[in-house]
Amino acid sequence: MRSHDHRSHTWQASDYDLAATLGCGQAFRWTAARGAWEGVVSGRWVCLKQSGETISAECPADQRDWAWLEDHLQLHVDLAAVLASFPDDIPLRSAVGACRGLRLLKQEPWECLASFICSSTKQIVQIRQIIALLSERFGDPIPSMHGLAHAFPSAAQIATATEAELRACKLGFRAPYLLATARRIASGELNLDALTAMPLAGAREQLESLPGVGRKVADCALLFGFGFPTAFPVDVWVLKALRQLYFPKRKPRPARLRHFADTYFGPHAGYAQQYLFHAMRLGKLSPATGLPG
DNA sequence: GTCCAGGGATTCA
DNA sequence: TGAATCCATGGA
């Protein structure tokens, strides 16, 4: 055991729930194994552990620096400041109380976009399986601490696949969407790197022009991959949360809910969305905790 | 607005 | 243990 090697690193991270963060369904390449979390970030295999307020990482090879992982885990984010920006209402208090230390990750844009194209009407466990198959079959082999692992395939790598090969990765009707989008990215017809510097609405419009990318998938990519803090993905869980908690005993039209989501939650709306999403899935939000009226 | 497109994990009888 | 339900939806 070496104490000053470059294969492992530790951080002090207060108010950080690693298990909730990696397992809540925002990213799909993390698996819990023997009290640790193993995953692939930016083409690097890594094993993470949390003990109290210490997070440790171990890689199969020496690392020059750990900025790639610090960025992915968003270790610099002041969670208290994020939570303080939320509207002070009963649903969010309840969600925050149920998900202490839940964080948003910063994923690679292409991987995130592709993952959520695969996500439509799939459950999180199934999405993980799809992403694992895509990586095994089309991604670059990389070293891990037990045999070979695989990087998430680039758009160019997926673009070389056939629709049948993608369907064999359990994509079903999503296969042609992913293939067509990969080709548009790989050809340079749409440059994902340019989206980061654009206003949210413009970036969203660009993403929604891609096959298989509607409002919800675009918002997931914008929030989890491109770092737009006000993107607010509305999936079936968040829809349920909004209806039950903010509009009980009413039947708001979808456009009304959309407007509410886009205007109510403040500068870190995406974070608020993640708390509502996760708390709802945990069954920690009940209609009884909703607002009056 | 309605309908359809994989399929398997999960739930429930 | 077999059937029903549900799923981080988008497009025609």
Side-chain angles (χ1 to χ4, degrees), chain A residues 20-32 95 99 102-107 109 111-134 137 152 161-182 184 190 204-226 228 230-245 251-258 261-262 265 269-285:
Chain A
T21 298
L22 302 182
C24 73
Q26 59 179 314
F28 304 103
R29 297 218 63 192
W30 292 103
T31 55
C99 312
L102 177 63
R103 304 287 187 130
L104 287 181
L105 298 168
K106 170 67 175 68
Q107 303 178 48
E111 175 174 346
C112 187
L113 174 63
S115 296
F116 280 97
I117 288 173
C118 300
S119 78
S120 66
T121 58
K122 281 287 183 186
Q123 295 177 120
I124 290 167
V125 281
Q126 296 174 290
I127 302 165
R128 278 200 275 262
Q129 293 169 5
I130 292 171
I131 301 306
L133 285 169
L134 285 175
R137 297 184 184 178
F152 187 82
T162 65
E163 184 181 320
E165 288 174 321
L166 295 182
R167 283 181 182 270
C169 296
K170 306 186 180 183
L171 265 81
F173 64 84
R174 305 153 196 84
Y177 295 152
L178 181 63
L179 184 55
T181 287
R184 283 192 55 188
L190 180 57
R204 179 184 289 131
E205 188 178 346
Q206 292 291 305
L207 289 177
E208 286 185 337
S209 76
L210 295 166
V213 183
R215 177 64 190 261
K216 192 273 175 181
V217 170
D219 278 341
C220 285
L222 290 165
L223 179 62
F224 305 134
F226 291 90
F228 284 89
T230 59
F232 193 100
V234 178
D235 79 311
V236 296
W237 292 100
V238 172
L239 187 63
K240 204 182 304 182
L242 294 179
R243 282 180 173 153
Q244 289 184 5
L245 303 170
K251 203 175 187 320
R253 309 164 87 102
R256 173 75 188 101
L257 279 172
R258 188 68 256 175
D262 287 339
F265 291 99
Y271 246 102
Q273 175 275 159
Q274 198 61 20
Y275 275 85
L276 292 173
F277 173 80
H278 194 51
M280 198 71 190
R281 274 174 45 85
L282 293 176
K284 299 293 179 63
L285 294 178

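Here is the naming used below: chain letters follow the sequence lines, and residue numbers restart at 1 for every chain.
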*Spacing of A:Q274 atom CD relative to C:dA8 atom C1', expressed in whole Å*: 9 Å
*Could you check whether A:I130 gets within reach of a base, just the sugar-phosphate, or nothing at all, counting any heavy atom under 4.0 Å?*
nothing
_Step-by-step side chain to side chain donor-acceptor pair (under 3.5 Å) determination, A:T121 to A:R174_ = CA-CA 10 Å; A:T121 58; A:R174 305 153 196 84; 3.2 Å; yes
*Can you tell me how far C1' of C:dA8 sits from CZ of A:R281, to the nearest Å?*
8 Å
*Considering non-hydrogen atoms only, spot the tightest contact between A:G212 and A:I117 and give its length.*
O-CG1, 4.0 Å
*A:K122 NZ - C:dT5 P separation (whole Å)*: 18 Å
*Hey, are the side chains of A:C118 and A:L134 touching, using non-hydrogen atoms and a 4.5 Å cut-off?*
yes
_Euclidean distance, atom CZ of residue A:F277 to atom C1' of C:dC7 [Å, nearest integer]_ = 10 Å
*asked:* What is the separation between atom CG on A:D235 and atom C1' on C:dC7, rounded to the nearest whole Å?
replied: 9 Å
*Using the heavy-atom set of chain A and a strict 4.0 Å cut-off, write down the first and last nucleotide of DNA chain B that makes it in, 5' to 3'.*
B:dA5 to B:dA9
*Go through the structure and list residues passing ring pair (Phe, Tyr, Trp, His ring centres under 6.0 Å) with A:F228, not counting sequence neighbours.*
none
_Check whether A:Q273 reaches the backbone of A:A261 with its side chain - one donor and one acceptor, N or O, closer than 3.5 Å._
no
*Heavy-atom count around A:E205 CD within 6.0 Å, excluding the residue itself: above 12?*
no
*Sidechain-backbone polar pair: A:E163 side chain, A:A175 backbone, donor-acceptor under 3.5 Å*: no
_DNA chain B contacts made by residues 211-220 of chain A, counting heavy atoms under 4.0 Å_ = none
*For residues A:T21 and A:Q26, determine if any side-chain heavy atom of one lies less than 4.5 Å from a side-chain heavy atom of the other.*
yes
*asked:* Applying a 4.0 Å non-hydrogen cut-off, can you work out what A:S119 is touching in the nucleic acid: base, sugar-phosphate, or nothing?
replied: sugar-phosphate
*Can you sort out which residues in residues 170-182 of chain A have a heavy atom within less than 4.0 Å of DNA chain B? Ascending by number, please.*
A:G172, A:F173, A:R174
*What dot-bracket string describes DNA chain C from 5' to 3', counting Watson-Crick and G-U wobble pairs whose defining distances are under 3.5 Å, with [ ] for crossing pairs and | for pairs to another strand?*
|||||||.||||
*Take atom CD1 of A:I127 and atom C1' of C:dT9, then tell me their distance rounded to the nearest Å.*
11 Å
*Hey, could you give me the CZ/CG distance between A:F232 and A:D219, rounded to the nearest 0.5 Å?*
9.5 Å
_Shortest non-hydrogen contact between A:A221 and A:L207, atoms and distance_ = CB-CD1, 4.1 Å
_P gap between B:dC4 and C:dA8, integer Å_ = 22 Å
*Return the value, rounded to whole Å, for the distance between atom CG of A:L239 and atom P of C:dC7.*
11 Å
_Distance in angstrom units between A:K240 NZ and C:dT9 C1', rounded_ = 15 Å
*Could you tell me which non-hydrogen atom of A:L276 sits nearest to which non-hydrogen atom of A:A241, and how far apart they are?*
CB-CB, 4.5 Å
*asked:* Assess whether a salt bridge exists between A:D262 and A:R204, defined as any Lys/Arg side-chain N lying under 4.0 Å from an Asp/Glu carboxylate O.
replied: no
*First encountered from the 5' end of DNA chain B, between A:T121 and A:V125*: A:T121
*Taking only residues two or more places apart in sequence, or in another chain, which ones meet A:F226 in a ring pair (Phe, Tyr, Trp, His ring centres under 6.0 Å)?*
none
*Should we say atom CZ of A:R167 is surrounded by more than 12 heavy atoms from elsewhere, each under 6.0 Å from it?*
yes
